[in-house]
Structures are given as structure tokens and as C-alpha cells.
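Here is the structure we will look at, set down as C-alpha cells.
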Amino acid sequence: MSSDIKILPRSFYESADVTEASKSLIGKVICTRIDGVFTSGMITETEAYCGRNDKACHANDGLRTSRTEVMYGTPGHAYIYLCYGIHHLFNVVTNREGLADAVLIRGIQPLEGTDEMAGRRNKPADKPELADGPGKLTQALGITTGYNGIDLLGNKIWIEDRGVKFPDVRIFSSSRIGVDYAGEHAKRPWRFYLSGSKWVSSG
DNA sequence: CCTACGATCTGCT
DNA sequence: GCAGATCGTAGGG
């Protein structure tokens with residue numbers, strides 16, 4: 001029964017294709033134990049960002065700064081940054097060291113600790129607004145930039161495979177949200193989401 | 001040093 | 001539907 005649950009190994013994050021990694025993360029379960037509180041949710045929506053030839057990516061074409069340094073590090077670590085001065089956005093670093101590929105988590109279906117999430121969000125536990133957006137789910141899970149760079153094979157933030165596998169026909173794609181500044185690259189269909197799920201950002 | 005702006009969300013109209 | 005919030009980062013002087 002519980003033997004179906006396993007933490008994603010480093011090799012999962014070492015995928016050489018960030019769009020494949022992005023798709024594969026749909027259906028996986030992100031878990032946090034923050035201040036001793038366990039919360040979790042199934043990933044419903046992701047976006048791929050590539051370190052080479054992708055103007056939407058913070059680390060595009062080798063741009064290396066203190067902010068982007070984590071993206072150039074070991075896959076399977078968290079890149080968490082502050083967006084619009086308010087929202088903490090959570091990414092997983094993929095591929096291999098030095099390349100700066102990452103997947104942004106944009107939506108989850110809350111599973112465990114929903115009352116705790118509701119408290120953190122000051123929203124009802126059973127409504128999509130609890131976690132149907134990149135800034136909402138981090139608040140629900142208790143994730144802040146203070147955890148930037150953390151290893152996802154540790155015991156604070158991790159991702160599990162619980163044996164849920166959706167058929168490819170249920171994974172829809174679209175252009176990425178909020179990256180119009182990236183010009184032509186903004187049109188790439190690098191957003192992936194579970195069709196029919198309520199727990200997906202409206203955009 | 002200074003300025004512009006964002007991988008968003010909320011509340012109000 | 002739209003404007004305001006809010007602050008770290010990047011880039012330029």
C-alpha cells in the first residue's frame with residue numbers, strides 16, 4: 001500500500017529535456033514539512049524554462065548572477081525567487097550542473113494538511129483558490145525564498161511518485177503565462193497542465 | 001548610486 | 001475588467 005510511495009531520485013531531475021521533465025512532474029506529489037507541519041499536493045500545472053536560447057528564463061544564455069546561481073547548480077534542488085516583491089515562486093532545477101534548466105510549479109491539488117494550507121492562505125480548504133497559481137501554492141505549502149537552494153532529496157521539501165500516471169492525452173500544453181517580454185520565445189508551448197482539473201491557474 | 005520592472009494575486013468597480 | 005501592492009534584481013551611469 002504505502003510501498004507505492006517513493007521520493008523522486010536524483011536521476012529523475014537529471015532529465016536532459018526540460019519539457020519532458022515538466023510533463024513528467026504532472027501527477028507527482030510535492031510535500032513540505034515546514035515548522036513541523038506536513039502538507040502536500042498533487043502537481044497539476046508546470047512550465048519549462050531552459051538555460052539556453054530561452055528569453056523567458058532568468059538564466060538565459062549563461063546569465064549568471066547571485067539570483068540565478070542555484071539554477072546552474074545540481075539538479076534536484078529548489079530555485080525559489082521573489083516575484084513582484086510579494087510572491088515566492090518555486091522551481092525545480094533539472095538536467096545537469098552548469099546548464100540552468102528549471103521547471104516552475106504553477107498549480108497543485110491539495111491532498112494532506114489542507115486545513116493548515118487554508119490557515120496560511122486565509123481561504124477555504126476546498127476551493128481551487130487555495131493553490132491554483134504559482135504564488136498561491138507556495139503560500140499554502142509554507143515555501144518562501146528562505147528555502148532557495150534546498151535539496152529536494154532532504155526532509156523539508158520533496159516530491160513523491162505515488163504511482164499516479166495520467167495518459168498523455170490528458171496533459172494539455174499552451175504558451176507560458178506572463179512572459180510576453182520574451183518575444184517569440186513566449187509563444188513556445190512550454191506550459192503543461194492536467195486537462196479537466198479545477199486546480200489549474202486561470203492565467 | 002539610481003531606476004525600472006517583474007515566471008502574480010487581490011480587491012474593488 | 002483593472003489598478004495597486006511591494007521589494008529584490010539587473011543593468012546602466
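Proteins get letters first, then strands, A, B, ... in listed order; numbering begins at 1 in each.
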| message | Measuring from the side chain of S66(A) (C-beta onward, heavy atoms only), which nucleotide among dT10(B), dG6(B), dA10(C) has the closest atom? | response | dA10(C)

| request: Taking only the side-chain nitrogens and oxygens of T65(A), find out if one of them lies under 4.0 Å from OP1 or OP2 of dT9(C). | output: no

| Can a side chain N or O of R188(A) be found less than 4.0 Å away from OP1 or OP2 on dA7(B)? | no

| field | side-chain hydrogen bond (donor to acceptor under 3.5 Å, both in side chains) partners for R10(A), two or more places apart | value | D151(A)

| task | Nearest whole angstrom, please: distance from the P of dC9(B) to the CG of N122(A). | result | 16 Å

| field | Nearest-angstrom distance from the residue atom CD1 of I80(A) to C1' of dT9(C) | value | 17 Å

| task | Inspect the contact between K136(A) and E129(A) and indicate whether a charged nitrogen and a carboxylate oxygen are less than 4.0 angstrom apart. | result | no

| Residue-phosphate contact under 4.0 Å: Y84(A) side-chain N/O, dG8(C) OP1/OP2 | no

| What integer distance in Å separates E45(A):CD from dT8(B):C1'? | 12 Å

| task | Look at all strands and tell whether R67(A) reaches a base, only sugar-phosphate, or nothing, counting heavy atoms closer than 4.0 Å. | result | sugar-phosphate

| task | Flag this pair as yes if the NZ/CZ of R67(A) is under 6.0 angstrom from the six-membered ring centre of Y79(A) and inside a 45 degree cone about the axis; otherwise no. | result | no

| request: Would you indicate which nucleotide in dT8(B), dG6(B), dT10(B) comes nearest to any side-chain atom of I177(A)? | output: dT8(B)

| request: Please state how far atom CE in M71(A) lies from atom P in dA7(B), giving the value in whole angstrom units. | output: 11 Å

| What's the closest nucleotide to the I86(A) side chain, out of dT6(C), dA10(C), dA7(B)? | dT6(C)

| message | Heavy-atom nearest nucleotide on DNA chain B for K123(A) versus G178(A): which residue maps closer to 5'? | response | G178(A)

| said: Could you check whether R106(A) makes a cation-pi contact with Y193(A), meaning its NZ or CZ is under 6.0 Å from the centre of the six-membered ring and within 45° of the ring axis? | reply: no

| side-chain N/O R106(A) vs dT8(B) OP1/OP2, d < 4.0 Å | yes

| Electrostatic pair D126(A)-K198(A), nearest N-O below 4.0 angstrom | no

| request: Kindly assign one of parallel, tilted or perpendicular to the pair F38(A) and W158(A), based on the angle between their ring planes and the thresholds 30° and 60°. | output: parallel

| said: Please report the distance, rounded to the nearest Å, between CG in D180(A) and P in dT8(B). | reply: 10 Å

| Any K55(A) side-chain N or O less than 4.0 Å from OP1/OP2 of dA7(B) | no

| note | Paired runs of 3 or more consecutive Watson-Crick or G-U pairs involving DNA chain C, with both pairing distances under 3.5 Å, are B:1-6 with C:7-12, B:8-12 with C:1-5

| said: I need the CG-C1' distance between L82(A) and dT9(C), as an integer number of Å. | reply: 10 Å

| request: Could you walk me through whether I157(A) and Y147(A) pass side chain to side chain contact (heavy atoms under 4.5 Å, CB included), step by step? | output: CA-CA 9 Å; I157(A) 307 174; Y147(A) 298 100; 3.9 Å; yes

| message | If you compare every side-chain N and O of H87(A) against the phosphate oxygens of dA7(B) (OP1, OP2), does one of them come in below 4.0 Å? | response | no

| message | Is there aromatic stacking of Y49(A) on dA7(B) here, judged by a ring-centre distance under 5.5 Å and a plane angle under 30°? | response | yes

| said: With a 4.0 Å cut-off on N to O distance, would you call R33(A) and E112(A) a salt bridge? | reply: no

